[in-house]
Amino acid sequence: MRDKKYSITTAELTVMKVLWEQQRCTAAVIIEQIGKHRPWHFRTIKSLLRNLVAKELVVFEVDSRDSRLYHYSPLISEETYLSQEREHFLELHYDGDFGALLNSFLKDKLSSTEEAEAMRELLLQAAQRLRSP
Amino acid sequence: MTALHIAFVKIFELSLSASIIAIIVLAFRKVAWRWASPSLMIMLWSIMLLRSLFSINIPGLASLENLIDPYLYEHHYGIGAIMDNVMSRWGEILPGHADTASSSLPGYVNGFEEPRTGFLYDEEASRLRSLAAARDQAMSVIALLWLLGALIRAGVEYRKEIRTKRLLGRALPCHDTVVLALLHQCQTEAKVKARTELLLAGSVFPFIHGLLRPRIVLPYDFQSLYTESELRMIVLHELQHWKKRDGWLLLISQFILVLHWFNPLLHWAVQRLRDDAEFRCDKGVTKLLSLADKTAYGFLLLKQGDLNTRLARSGQAGSAVSWLEKRSVLMERVQAVAGLLQASPSSQRKRKLTGFMALLIGLSIFSAGNTVAQKAAEVYMPEPVLYVFWMNESLNLRSMSVLQDMSTLMIGQPVASENITLLLRQPMEQSYWEQWRDGLRLALVDKDVPIPIDTRPVLEQTFQRNIQQGHILFMLHYPSYSGKWLNFSFSKRSVTDVETLKVLQQINLY
């Protein structure tokens, strides 16, 4: 699996999702899987596969019994893809370009180690009071 | 333009009322946040949101408006008075407002439609008319600026939401059976029935998105970041947001910020509202946790703060400082969780007292002032009224003295002059729906649409009063909007002679 920087368009991601699920499959399987959700022409999907091969994100092998049949496999893992997405996320979030309609668990950062210590102390004291009869 | 003027004046009034409410709620929050339940705070904020969108006309003895409105609108240094002065000054400064109105009025002569000429504004009427035109111009400029700001703000928010949706589109579904089972268990605990989608993305912190279908997004490396117990608390927290419909609360508050973009107090208040929504969810989660887990929840908040700091630092964009980082809600949230652990009989009493105070504040900020309620009952969207005047042929219908006499007669007072009299005052019989339809149509789109009027009752009056000659002025008055600061109205009119009434049973007013 490669680890260098790459870019995947949203359309290419649809193909990658199938490949991550199947791990190794032919173009026909990919076309069938995508066809369940999107009315894309098979030529479009084949173009996307070609792009992904050119970007070295997908590799193919020719079938040993039928030379017309290609087996495609992903070259990057879902985790590698998502780890790169993190940079995109941080860019959006800290540039204030994120929509306001999401509720996060906690967006804030710790402002200082002193503040963190004060909070830890507060929680420890509360927990201690709980334990004492 | 009238519709835009009405919209701006309405927003201006609502913004002022909402600002006062925001100050009161913020002060209450500052003093009592330790004991005030987050749900009560959200109730107070919801009243603020409601009052920044709609006029509430339910009168209340303890209404805050009774105290505040006289200072805001009637006092010499009040904002209403300041706006009045600004617009009057505009009228005095700007040249070129000399009266250019035509000397004719729409009308009929001997039963034929024909403009009636020869009515020129005298000096005083012309001055007032010029001032009114300048005020109108000033109002147009201010209202257009407001509209432009609102459109820009809406565009920016829309772009941000599209970016968020695109980011969600690039998230991957979570297939981890352990986490999916945990989600199911949390849904049962939190009593959330909606089909919830679990996604993995490059996010730094977990979040929930969606108004109709909840989608919880976890950082892709959640397994290395959180233990199973921590993950449970996070999912419970996000489900609380869904259960309390916080997504809708955020949508409404964002919409309000689009309309009231010029009001920094409301921006501040909405930020605090968001914080209180988080406190409410924290409280909801801790209710479902054991005592030991409640402490762990506090530490989890701390851990997430630390993760946000570290992960943001590792990212290229992490060096950019967002305005969100300038203040720490984390401390407040940890203090609130610690507070929940230390509930004592005295703090319970304080909580009850604070709750009672919050309810009183809620009542005083929800109800309308007596003046507003009375005005609303009397004037708000009333029926249009037809006034028909008789005037001596020698009178100039546009002289100040005649206009003043007409105003006096319209409010039911007698006038000294015998050259003018009110023949008829007749409210138009219309259903509530017809009033709205006509009011909106005339105010918004079709100002020039003629209104047909039956002349027979007027003819009868002329017979009874033995009127043989003179001007008969028909005026249909639409009091379209009555505000605290400005009132808007418009009228349709036509001038006829007595002969026309004998010939035509119906005339058009323009």
Side-chain angles (χ1 to χ4, degrees), chain A residues 5 7-14 16-18 20-21 77-132, chain B residues 157 160-161 163-167 169-170 172 200-209 211 219-221 234 237-238 241 246-247 250-251 254 277 281 291 295 298-299 301-302 304-306 308-309 311-312 315-318 320-325 328-331 333-335 337-338 341-342:
Chain A
K5 297 241 169 177
S7 67
I8 301 180
T9 65
T10 313
E12 287 165 357
L13 185 65
T14 312
M16 287 304 288
K17 280 181 186 173
V18 178
W20 280 321
E21 204 180 314
S77 67
E78 288 174 82
E79 203 171 345
T80 315
Y81 156 73
L82 286 170
S83 71
Q84 186 156 314
E85 280 293 290
R86 173 155 293 167
E87 279 184 31
H88 185 215
F89 175 89
L90 289 168
E91 212 171 288
L92 283 183
H93 178 56
Y94 291 105
D95 284 350
D97 268 348
F98 230 12
L101 301 185
L102 56 88
N103 287 290
S104 65
F105 178 63
L106 180 78
K107 277 181 193 165
D108 272 30
K109 295 197 289 188
L110 283 176
S111 52
S112 65
T113 44
E114 291 81 27
E115 192 189 61
E117 261 323 300
M119 284 189 267
R120 199 162 283 126
E121 194 59 35
L122 189 72
L123 285 168
L124 282 173
Q125 277 175 7
Q128 230 163 17
R129 256 185 235 123
L130 270 182
R131 274 196 289 273
S132 58
Chain B
E157 290 302 324
K160 283 184 184 178
E161 195 50 28
R163 283 189 163 210
T164 309
K165 286 221 165 113
R166 205 172 288 158
L167 192 95
R170 294 177 69 81
L172 300 179
L200 301 179
S203 62
V204 174
F205 42 75
F207 62 85
I208 189 166
H209 188 272
L211 295 171
Y220 72 93
D221 46 354
I234 287 170
H237 177 97
E238 300 309 342
H241 277 304
D246 284 344
L250 291 184
L251 180 72
Q254 282 308 109
C281 287
L291 278 175
T295 320
F299 280 110
L301 287 173
L302 212 54
Q304 186 64 55
D306 188 43
N308 291 352
T309 315
L311 292 172
Q316 282 180 348
V321 179
S322 145
W323 63 274
L324 279 168
E325 295 174 76
S328 170
V329 186
L330 178 57
M331 180 61 122
R333 282 177 71 182
V334 168
Q335 282 174 340
V337 171
L341 294 168
Q342 298 168 7

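Residue numbers begin at 1 in each chain, while the letters A, B, ... track the order of the sequences.
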(message) Rounded at 0.5 Å granularity, tell me how far NE2 in B/His209 sits from OG in A/Ser104.
(response) 12.0 Å

(request) Answer with side chain, backbone, both or neither: which region of B/Leu211 has an atom nearer than 4.5 Å to a non-hydrogen atom of chain A? (result) neither

(message) Is there a side chain to side chain contact (heavy atoms under 4.5 Å, CB included) between A/Phe105 and B/Ile208? Walk through the geometry before answering.
(response) CA-CA 8 Å; A/Phe105 178 63; B/Ile208 189 166; over 6 Å; no

(message) Could you report the tightest heavy-atom contact between A/Leu123 and B/Gly298, atom names first, then the distance?
(response) CD1-C, 3.3 Å

(request) Sort A/Leu106 into side chain, backbone, both or neither according to what part of it lies under 4.5 angstrom from a heavy atom of chain B. (result) both

(request) Enter the distance from A/Leu124:CG to B/Phe299:CZ here, rounded to the nearest 0.5 Å. (result) 4.0 Å

(request) State the CD-OG1 distance between A/Gln128 and B/Thr295, to the nearest 0.5 angstrom. (result) 11.0 Å

(message) Return the OG1 to CZ distance between A/Thr9 and B/Arg170, rounded to the nearest 0.5 Å.
(response) 7.0 Å

(request) Report the distance from atom CZ of A/Arg120 to atom CG of B/Asp306, rounding to the nearest 0.5 Å. (result) 7.5 Å

(message) Determine whether a donor-acceptor pair (N or O, by modelled atom type, separation under 3.5 Å) exists between the side chain of A/Glu79 and the backbone of B/Asp221.
(response) no

(request) Determine the minimum heavy-atom distance between B/Pro219 and A/Arg86, stating which atoms define it. (result) CB-NH2, 3.4 Å

(message) Please find the pair of heavy atoms, one from B/Leu302 and one from A/Ala116, that lie closest to each other, and give the distance.
(response) CD2-O, 4.1 Å

(request) Check each atom of B/Glu238 against the heavy atoms of chain A and say whether the ones under 4.5 Å are side chain, backbone, both or neither. (result) side chain

(request) Identify the two heavy atoms, one from B/Met331 and one from A/Ala118, that lie closest to each other, and give their separation to 0.1 Å. (result) CE-CB, 4.2 Å

(request) Determine the minimum heavy-atom distance between A/Phe89 and B/Gly202, stating which atoms define it. (result) CB-O, 3.4 Å

(request) Measure the spacing between NE2 of A/His88 and CZ of B/Arg163 and express it to the nearest 0.5 Å. (result) 6.5 Å

